[in-house]
Protein chains: 2
Amino acid sequence: MEKLREALRERGSRLTPQRLAIYEHLRDTKSHPSAETIYGELKARYPSLSLNTVYQTLQVLDEIGLAQKLPVESREARYDGNATGHAHLICLECERIWDIDGEALPAVSEIDRQAEKKGFKVVRNQVQVYGVCPDCQAKGR
Amino acid sequence: MEKLREALRERGSRLTPQRLAIYEHLRDTKSHPSAETIYGELKARYPSLSLNTVYQTLQVLDEIGLAQKLPVESREARYDGNATGHAHLICLECERIWDIDGEALPAVSEIDRQAEKKGFKVVRNQVQVYGVCPDCQAKGR
DNA sequence: TATCTAATTAGTTGTTATTCCTATTACTGC
DNA sequence: GCAGTAATAGGAATAACAACTAATTAGATA
């Protein structure tokens with residue numbers, strides 16, 4: 001929470017209950033929710049919350065590096081409370097998303113390095129692997 | 001062109017002048033255009049072309065593996081006539097997109113391998129590196 | 001090459017994620 | 001606590017894209 005307050009202050013922004021709630025929700029879930037989903041999940045506790053605020057807050061969190069917007073193939077963007085560079089595994093059937101960390105990280109860094117070799121100043125990367133998760137495979141296509 | 005004809009036939013679809021034009025345009029450009037851009041660029045030669053046809057054709061090309069839809073951060077999807085697995089370099093300022101091939105490919109494959117180790121059946125991947133291109137870096141800031 | 005039939009086109013309309021607008025509310029620094 | 005200013009809520013607007021439809025056209029067959 002102090003991390004959030006500090007990052008917001010640096011940007012000249014205020015810490016509001018809505019922002020805190022969205023930040024904590026994102027931080028505590030592994031589900032990479034969409035804006036709409038976050039809205040739905042927080043609405044019970046914060047009845048006055050508006051979807052617009054969710055969008056704005058997610059954008060702010062993305063800007064200050066405390067969240068990451070994932071532009072995936074489905075229409076809705078999904079959000080990740082872990083903004084460090086890592087890859088995502090996306091199930092084409094159930095649309096769930098998982099992080100791939102550990103051994104995949106060096107490969108992600110290697111791609112950045114190739115980009116830099118071409119004279120690019122790298123800001124961030126997005127690595128998505130689309131496929132079918134074990135659950136959906138078991139469910140028999 | 002025969003490749004396109006063949007792939008369309010297999011799907012039970014026909015080769016039309018519009019489809020051919022869109023296919024060739026995509027194949028011959030390195031610019032990863034949006035549907036709207038393709039429409040604008042072909043409109044002069046095919047005045048009767050409709051934007052809807054462009055969308056439909058791009059979807060067909062994507063399905064038969066002769067093009068690739070890139071869900072990028074900007075609102076419009078961009079299309080690539082090279083549907084083989086490779087990474088993209090995207091300039092956050094001018095929005096141009098380049099392919100990264102060659103040495104980055106093993107790293108992309110390595111990430112797929114990690115996904116498979118988790119029990120995923122990998123279908124395709126998307127690797128995007130966002131940053132600032134040399135031109136835009138030179139242009140100051 | 002004429003015919004039959006299913007696919008395609010182009011135009012219109014629909015859908016929906018996201019953004020814009022603005023009056024009201026509520027943080028923050030004093 | 002008060003003033004100043006940023007954030008919120010909520011409704012309306014936007015825009016990319018998808019669905020629908022009537023008319024056209026291409027492809028296979030003979």
Side-chain angles (χ1 to χ4, degrees), chain A residues 1-2 4-23 25 32-64 66-79 95 97, chain B residues 1-2 4-23 32-40 42-64 67-79 95:
Chain A
M1 161 162 180
E2 284 316 313
L4 173 62
R5 181 188 292 280
E6 200 41 51
L8 284 171
R9 196 204 320 267
E10 259 173 43
R11 184 181 180 275
S13 299
R14 295 168 183 171
L15 177 59
T16 64
Q18 292 91 331
R19 286 178 171 174
L20 180 59
I22 292 166
Y23 167 73
H25 183 71
H32 305 80
S34 67
E36 188 79 49
T37 304
I38 294 169
Y39 174 68
E41 284 167 346
L42 293 179
K43 189 76 181 172
R45 263 194 296 145
Y46 301 87
S48 75
L49 183 68
S50 83
L51 180 55
N52 190 341
T53 299
V54 175
Y55 274 107
Q56 285 182 217
T57 299
L58 289 170
Q59 197 176 313
V60 170
L61 292 177
D62 188 79
E63 280 174 36
I64 64 184
L66 294 182
Q68 192 180 0
K69 183 179 184 176
L70 310 178
V72 293
E73 287 183 4
S74 56
R75 298 185 50 131
E76 284 180 305
R78 304 278 289 263
Y79 293 84
E95 304 218 310
I97 301 177
Chain B
M1 162 166 178
E2 284 316 314
L4 173 62
R5 183 188 291 279
E6 199 41 51
L8 284 171
R9 195 202 321 265
E10 260 174 43
R11 184 183 180 273
S13 299
R14 296 168 183 171
L15 178 58
T16 64
Q18 291 88 339
R19 287 182 168 176
L20 179 59
I22 292 167
Y23 168 73
H32 305 81
S34 66
E36 188 78 43
T37 304
I38 293 169
Y39 174 68
L42 293 179
K43 190 74 181 170
R45 263 193 297 146
Y46 301 87
S48 75
L49 184 68
S50 84
L51 180 56
N52 191 331
T53 299
V54 176
Y55 275 111
Q56 286 182 217
T57 298
L58 289 170
Q59 199 176 312
V60 170
L61 292 177
D62 188 78
E63 279 174 38
I64 64 184
Q68 191 179 2
K69 183 178 184 176
L70 310 178
V72 293
E73 287 183 5
S74 56
R75 303 194 36 139
E76 284 180 307
R78 305 278 288 263
Y79 292 84
E95 303 218 312

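Naming: A, B, ... by sequence-line order, numbering from 1 per chain. Source: prediction; values computed, not measured. Just the heavy atoms: all of them, side chains too, but no hydrogens, waters or symmetry mates, feed the values below.
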Rounded to whole angstrom units, what separation is found between the [atom1] atom of [X] and the [atom2] atom of [N]?
X	N	atom1	atom2	result
A:R78	C:dT18	CZ	C1'	17 Å
A:L20	C:dC27	CG	P	12 Å
B:R11	C:dA6	CZ	C1'	14 Å
A:R5	C:dC27	CZ	C1'	10 Å
A:Q59	C:dA17	CD	P	18 Å

Rounded to the nearest 0.5 Å, what separation is found between the [atom1] atom of [X] and the [atom2] atom of [Y]?
X	Y	atom1	atom2	answer
A:L66	A:L58	CG	CG	12.0 Å
A:R78	A:I38	CZ	CD1	10.0 Å
A:Y23	A:T57	OH	OG1	13.5 Å
A:D62	A:L70	CG	CG	9.0 Å
B:S50	B:Q56	OG	CD	7.5 Å
B:L49	B:Q18	CG	CD	6.5 Å

_Shortest non-hydrogen contact between B:L51 and B:A35, atoms and distance_ = CD1-O, 4.1 Å
*Could you pull out the closest heavy-atom pair between A:S74 and A:E95, with the gap in Å?*
CB-OE2, 3.4 Å
*With sequence neighbours left out, which residue pairs that include part of residues 9-20 of chain A fulfil the salt bridge (Lys or Arg N to Asp or Glu O under 4.0 Å) condition?*
A:E6-A:R9, A:R11-A:E63
*Pick base, sugar-phosphate or nothing for A:L49, based on heavy-atom distances below 4.0 Å to the nucleic acid.*
sugar-phosphate
_Categorize A:P17 for me: base, sugar-phosphate, or nothing, with a 4.0 angstrom heavy-atom threshold over every strand shown._
sugar-phosphate
*Within the structure, does a side-chain N or O atom of B:T53 lie under 4.0 Å from either OP1 or OP2 of C:dA10?*
yes
*Does A:R9 place a side-chain N or O at less than 4.0 Å from the phosphate oxygens OP1/OP2 of C:dG29?*
yes
Give each protein N/O atom lying under 3.5 Å from an N/O atom of nucleotides 20-23 of chain C, with the pair distance.
from, atom 1, to, atom 2, distance (Å)
C:dC20, N4, A:N52, ND2, 2.4
C:dC21, N4, A:N52, ND2, 3.3

*Using heavy atoms and a sub-4.0 Å distance, could you list which residues of residues 33-40 of chain A are near DNA chain C? By number, please.*
none
*Within residues 68-75 of chain A: residues closer than 4.0 Å to DNA chain D (heavy atoms)*: A:R75
*Please step through side chain to side chain contact (heavy atoms under 4.5 Å, CB included) for the pair B:Y55 and B:Q59, ending with a clear verdict.*
CA-CA 6 Å; B:Y55 275 111; B:Q59 199 176 312; over 6 Å; no
_According to ring pair (Phe, Tyr, Trp, His ring centres under 6.0 Å), who are the partners of A:H25, at least two apart in sequence or on a separate chain?_
none
*Positional range of nucleotides in DNA chain D within the contact set of chain B, heavy-atom, under 4.0 Å*: D:dA15 to D:dA28
